[in-house]
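This is a predicted model, so every value here is computed, not measured.
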Amino acid sequence: MTDDDLDRLLSAPLDTVADNGFSSQVVARAEKGEWWRERIALFAPVAAAAAIAPFLPLRELTEAALRISPLLANSSAIAAAAAALALTLTLERRFNESAL
């Protein structure tokens with residue numbers, strides 16, 4: 001068998017196969033599983049944060065945030081990192097929109 005014969009066989013359209021709704025059942029089951037994974041990925045961090053929140057020393061965290069805020073606001077490294085992050089997110093969104 002030559003390469004041309006093989007190409008001809010592989011490029012020939014196949015006959016349709018009746019699946020009696022099997023494909024739609026598989027797709028429905030996959031979509032249901034995806035729905036659950038999305039919900040778990042969304043609510044698991046929220047539940048973990050809610051469980052930890054009562055044990056956090058809020059007064060100390062607030063004081064540390066107030067001390068660090070002016071230092072972060074005047075940091076050129078933080079500003080450059082924020083600009084790079086914003087640019088990356090913007091370019092990613094444009095790339096995803098153009099891929100559709």
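- Interatomic distance, I78 CD1 to L85 CG, rounded to the nearest 0.5 Å: 11.5 Å.
- By the rule that hydrophobic residues join a cluster once side-chain heavy atoms approach within less than 4.5 Å of another member, W35 and F43 end up as members of separate clusters.
- Taking the side chain as every heavy atom from C-beta outward, R93 and L89 never approach each other to under 4.5 Å.
- For D5, the salt bridge (Lys or Arg N to Asp or Glu O under 4.0 Å) partners are R8, not counting sequence neighbours.
- Counting non-hydrogen atoms of other residues, nucleotides and ligands closer than 6.0 Å to CZ of R29 gives a total of 12 or fewer.
- Legend: side-chain hydrogen bond (donor to acceptor under 3.5 Å, both in side chains) pairs involving residues 60-74, not counting sequence neighbours: none detected.
- Annotation: D19, atom CG; neighbour count of heavy atoms from other residues, nucleotides and ligands within 6.0 Å is above 12.
- Contact record, A86 with T90: O-OG1, 2.8 Å, taken as the closest heavy-atom pair.
- In this structure, CD on E97 lies 11.0 Å from CD on E92, to the nearest 0.5 angstrom.
- Contact detail for P54 and A50: the closest heavy-atom pair is CD-O, 3.3 Å.
- Rounding to the nearest 0.5 angstrom, the gap separating the NZ atom in K32 from the CZ atom in R37 is 12.5 Å.
- Under the 4.5 Å side-chain criterion, counting only non-hydrogen atoms from C-beta, L91 is not in contact with F95.
- L9 contributes atom CG, which lies 11.0 Å from atom CG of D4 (distance to the nearest 0.5 angstrom).
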